[in-house]
Undergrad: 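The following block contains the structure, expressed as structure tokens.
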Amino acid sequence: MGRTVYAEDNLLPYLLQLAKSDSYVIGLVLGQNADQRDYVVHLARTPCPATKDVKDETAGGATPTPSKVELQPIKSVQDIQETWVADHAKHVTRMLPGGMWVLGIFIVGPGDVFADPKSVSRLRAVLLHIKKNVSSNPFLQGNCPNSEKLALHLCSTTQRYTCKSIDTNNMGGSVRPVEWKFQTKATRWHQLDCQYDLDQVFPTSLDKQTQSLKKHLQDMLATISENIKSAICMIDGEIKESSEVLDALGKKKKTKGSSKSSNTGEMKTLNVSLYIPCDAKPEKDGEMQVLECCGEMNFLGNLASRVFLHQKATVLEAEQAVKQDIVRSLASRLELHWDSLIEEEQGSPEERLTLHEPPRRVLVPLPDCRVTLSDYLFPGEGPSEALISLQELLDLQVEESDVQKDLEIPADPAEFYALDAQLEGDASEDLLPVTVDTQKILFVGLAIAALVLAISVAIQFTGFTSKKAE
């Protein structure tokens, strides 16, 4: 059986309006993969880069900055800058809920690109660069399980479309045909909501005191990711069989008056809870070591997760999507945060409490679809800033009122300045040797939904040690 793609029918007019007889437009195909089926939710045009931007991006620069240089149209498939498209894919991956990926690319332009071996080779290169770029941060989990990526072409002269799949694990393999179907309400989505509490302390050993904040955060992210991977998942307060279909959940509880066909097109909302198992291994004296520390880092808060699964998804797919969403969202925030820092935090005894506030999550529904994508707003930013990202990265025209900004609410920083006095009092009452050694305790807390901030505390103390099991 061949591969089939289901896409919302409102996406076809979008492609047609991009058609030009003398140039090409390239973009990303976004959606969910399920074995030999793909469910496409959005097509996001990649903006044409200015000459200056392409040069900076090729040299390994970070996010391209807006340029006043006139945008250059793509006159040939060979003119496509694969590094630019790959960078676009990485930024868009941050905005996708768990369980969804960049499934491939689309290209709108004259002729038949699949009939030209050089054009096919260029499309392969673009897909390979996308794969490598989204893999640069493994916590984004940007590569879907299916290594075969989609390549959709709409001929601007005949207005006919053709879809092929290209295996990124075998770049010399053949191009396979794919059946692409535009349909009204192509799929019915299940919505899964989860609130994940974060309150975890990480000691900072002396041999890591010169380590950058970015490296500290990456190490902690790896630990949190492993914890989430091992978490027990409950849906609507119950542990379900992994093979059970989401569509069947809750049907037994319906009364005769409320029973409706599962094909009504209504979205089902399920609540998910994750529980981290406690370490059951007993601590033995031989397994203990004394770790001399210079401080500690603390993740604190509540992360809001919302994912969407196709109508035939199983409990196992739901569990994987929720866990992926939490790790991807946390990784995206931290990556955006450390990229925004002007200089590395050094800390000093005078700094009692310094706040680092990672961006919070907002949601935007797609046109004619209840599926939402994410954006991240730093403190002081409002929905208007999200409209800029949505326009540039997703080619979406939305109203400010469409941005769901109350999913995660920033906390009042004044609550955390009270910790300074508390820590100072605790230090003065500590019965440790008289010798004073200035050291640093760093709290990087991610308090999302109820709290969105990271705390850095510098405090004087003596002989601070902690025991840590291997």
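Computed from heavy atoms alone, side chains included, the values below leave out hydrogens, waters and symmetry copies.
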Undergrad: Are the side chains of Val41 and Thr187 in touch, meaning some heavy atoms are under 4.5 Å apart?
TA: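 When only atoms from C-beta onward are counted, Thr187 and Val41 do not touch, as no gap falls below 4.5 Å.
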
Undergrad: Check for me whether the distance between the ring centres of Tyr161 and Phe106 falls short of 6.0 Å.
TA: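 Between Tyr161 and Phe106, the centre distance exceeds or equals 6.0 Å.
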
Undergrad: Return the CD to CG distance between Glu148 and Asp38, rounded to the nearest 0.5 Å.
TA: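 Between atom CD of Glu148 and atom CG of Asp38 there are 10.0 Å.
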
Undergrad: How far does CG of Leu221 sit from CD of Glu226, to the nearest 0.5 angstrom?
TA: 10.5 Å

Undergrad: Are Glu82 and Arg122 within salt-bridge range, i.e. N to O under 4.0 Å?
TA: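 Here Glu82 pairs with Arg122 in a salt bridge, since their nearest N and O are under 4.0 Å apart.
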
Undergrad: Could you tell me the separation between the CD1 atom of Ile26 and the CG atom of Asp79, rounded to the nearest 0.5 Å?
TA: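 Spacing of CD1 (Ile26) from CG (Asp79) equals 11.5 Å.
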
Undergrad: Within the 4.5 Å heavy-atom criterion, are Val364 and Gln404 side-chain neighbours or not?
TA: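 Sidechains of Gln404 and Val364: no contact.
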
Undergrad: Indicate yes or no: at least one non-hydrogen side-chain atom of Leu336 is less than 4.5 angstrom from one of Asp339.
TA: no

Undergrad: Sequence neighbours left out, what passes ring pair (Phe, Tyr, Trp, His ring centres under 6.0 Å) with Tyr14? Give chain and number order.
TA: none

Undergrad: Asp402: what forms a side chain to side chain contact (heavy atoms under 4.5 Å, CB included) with it, not counting sequence neighbours?
TA: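 Only Val398, Glu399 meet the side chain to side chain contact (heavy atoms under 4.5 Å, CB included) criterion with Asp402.
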
Undergrad: Between His42 and Pro367, is there a donor-acceptor pair closer than 3.5 Å when you use the side chain of the first and the backbone of the second?
TA: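 Here the side-chain-to-backbone pair does not exist.
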
Undergrad: Please evaluate residues Gln183 and Glu8 with respect to the criterion side-chain hydrogen bond (donor to acceptor under 3.5 Å, both in side chains), reporting the C-alpha separation (whole Å), side-chain torsions for both, the decisive distance (0.1 Å), and the verdict.
TA: CA-CA 5 Å; Gln183 297 180 341; Glu8 299 293 335; over 6 Å; no

Undergrad: Sequence neighbours excluded, which residues qualify as salt bridge (charged side-chain N to carboxylate O under 4.0 Å, His left out) partners of Glu317?
TA: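 None.
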
Undergrad: Take a 6.0 Å sphere around NZ of Lys131 and say whether it holds more than 12 heavy atoms from other residues, nucleotides or ligands.
TA: yes

Undergrad: Please find the pair of heavy atoms, one from Ala304 and one from Leu407, that lie closest to each other, and give the distance.
TA: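 Scanning both residues completely, I find the closest heavy atoms to be CB-CG, 3.7 Å.
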
Undergrad: How far does CG of Leu192 sit from CD of Glu319, to the nearest 0.5 angstrom?
TA: 11.0 Å

Undergrad: Which residue, Thr168, Thr93, Leu28, forms the side-chain contact (heavy atoms from CB on, under 4.5 Å) with Ile130?
TA: Leu28

Undergrad: Quick one, Asp22 and Lys75 - any side-chain contact, counting heavy atoms below 4.5 Å?
TA: yes

Undergrad: Over all heavy atoms of both residues, which pair between Met95 and Leu394 is shortest? Give the atoms and the distance, please.
TA: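 Met95 and Leu394 have their closest heavy atoms at CE-CD1, 3.8 Å.
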
Undergrad: Nearest heavy-atom pair of Pro383 and Glu400: which atoms, and what distance?
TA: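 Minimum heavy-atom contact is CB-CG, 3.4 Å.
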
Undergrad: Has Lys240 got a side-chain atom pairing as donor or acceptor with Leu246's backbone, closer than 3.5 angstrom?
TA: no

Undergrad: Side chain of Ser23, backbone of Lys20: donor and acceptor closer than 3.5 Å?
TA: no

Undergrad: Answer yes or no: is there a donor N or O on one side and an acceptor on the other, between the side chain of Arg360 and the main chain of Lys405, under 3.5 Å?
TA: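 Indeed, once roles are kept as given, a pair shorter than 3.5 Å links the two residues.
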
Undergrad: So, do Ile74 and Val25 sit near enough that their side-chain heavy atoms are less than 4.5 Å apart?
TA: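 No; the side chains remain at least 4.5 Å from each other.
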
Undergrad: Just so I know, are the side chains of Ile228 and Leu330 near enough to count as touching, which here means a heavy-atom distance under 4.5 Å?
TA: no

Undergrad: Identify whether the distance between the nearest side-chain nitrogen and carboxylate oxygen of Lys312 and Asp247 falls below 4.0 Å.
TA: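 Between Asp247 and Lys312 there is no salt bridge, as every charged N stays at least 4.0 Å from the carboxylate O atoms.
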
Undergrad: Between Asp325 and Pro97, which heavy-atom pair has the shortest distance, and what is it?
TA: OD1-CA, 3.4 Å

Undergrad: Within the side chain of Thr269, is there an N or O that forms a donor-acceptor pair under 3.5 Å with the backbone of Gln191?
TA: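 Not at all, since once roles are kept as given, no pair shorter than 3.5 Å links the two residues.
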
Undergrad: So which atom in Ser332 and which in Leu140 form the shortest heavy-atom distance, rounded to 0.1 Å?
TA: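 In this case the closest contact between Ser332 and Leu140 is OG-CD2, 3.3 Å.
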
Undergrad: How long is the gap from CG on Asp236 to CG on Asn271, to the nearest 0.5 Å?
TA: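 The CG atom of Asp236 sits 5.5 Å away from the CG atom of Asn271.
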
Undergrad: With distance as the sole test, does Glu385 use its side chain to make a donor-acceptor pair with the main-chain N or O of Gly382 at under 3.5 Å?
TA: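 Yes, because the side chain of Glu385 sits within donor-acceptor range (under 3.5 Å) of the backbone of Gly382.
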
Undergrad: Can you tell me if Ser329 uses its side chain to pair, donor with acceptor, with the backbone of Ile326 under 3.5 Å?
TA: no

Undergrad: Would you mind listing every ring pair (Phe, Tyr, Trp, His ring centres under 6.0 Å) that reaches into residues 301-335, with sequence neighbours excluded?
TA: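 Qualifying pairs: Tyr39-His310.
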
Undergrad: For the pair Asn133 (side chain) and Lys90 (backbone), establish whether a donor and an acceptor sit closer than 3.5 Å, ignoring hydrogens and angles.
TA: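 Judged by distance alone, no pair lies under 3.5 Å.
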
Undergrad: Would you say the side chain of His216 lies within less than 4.5 Å of the side chain of Lys208, judging by non-hydrogen atoms?
TA: yes

Undergrad: Indicate yes or no: does Arg333 engage Glu408 in a salt bridge with an N to O separation below 4.0 Å.
TA: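 Looking at Glu408 together with Arg333, the answer is yes, because their closest N to O distance falls below 4.0 Å.
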
Undergrad: Give a yes or no on whether the backbone of Leu249 and the side-chain of Lys268 come within a donor-acceptor separation of less than 3.5 Å.
TA: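 Yes, because the side chain of Lys268 sits within donor-acceptor range (under 3.5 Å) of the backbone of Leu249.
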
Undergrad: Between Gln211 and Asp219, do the side chains contain an N or O donor and an N or O acceptor separated by less than 3.5 Å?
TA: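 A pair is found: one side chain offers a donor N or O, the other an acceptor, under 3.5 Å apart.
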
Undergrad: When you compare the side chain of Ile107 with that of Ile80, does any pair of heavy atoms fall below 4.5 Å?
TA: yes

Undergrad: Roughly how far, to the nearest 0.5 Å, is CE of Met100 from CG of Leu373?
TA: 7.5 Å

Undergrad: What heavy-atom pair brings Leu15 and Phe182 nearest, and what distance separates the two atoms?
TA: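 The pair with the smallest heavy-atom distance is CD1-CZ, 4.1 Å.
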
Undergrad: Can you find a side-chain donor-acceptor pair between His91 and Asp87 that sits under 3.5 Å?
TA: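 There is such a pair (donor and acceptor under 3.5 Å, judged by atom type) between the side chains of His91 and Asp87.
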
Undergrad: Quick test of your reading of the model: are Arg94 and Glu335 salt-bridged, counting only N-O distances below 4.0 Å?
TA: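 Salt bridge present between Arg94 and Glu335.
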
Undergrad: By salt bridge (charged side-chain N to carboxylate O under 4.0 Å, His left out), which residues pair with Asp193, not counting sequence neighbours?
TA: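 Asp193 satisfies salt bridge (charged side-chain N to carboxylate O under 4.0 Å, His left out) with Arg306 only.
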
Undergrad: Just by modelled atom types, is the Lys229 backbone N or O under 3.5 Å from a matching donor or acceptor in the Lys323 side chain?
TA: yes

Undergrad: What pairs meet the ring pair (Phe, Tyr, Trp, His ring centres under 6.0 Å) rule with one or both residues in residues 365-394, with sequence neighbours excluded?
TA: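 Qualifying pairs: none.
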
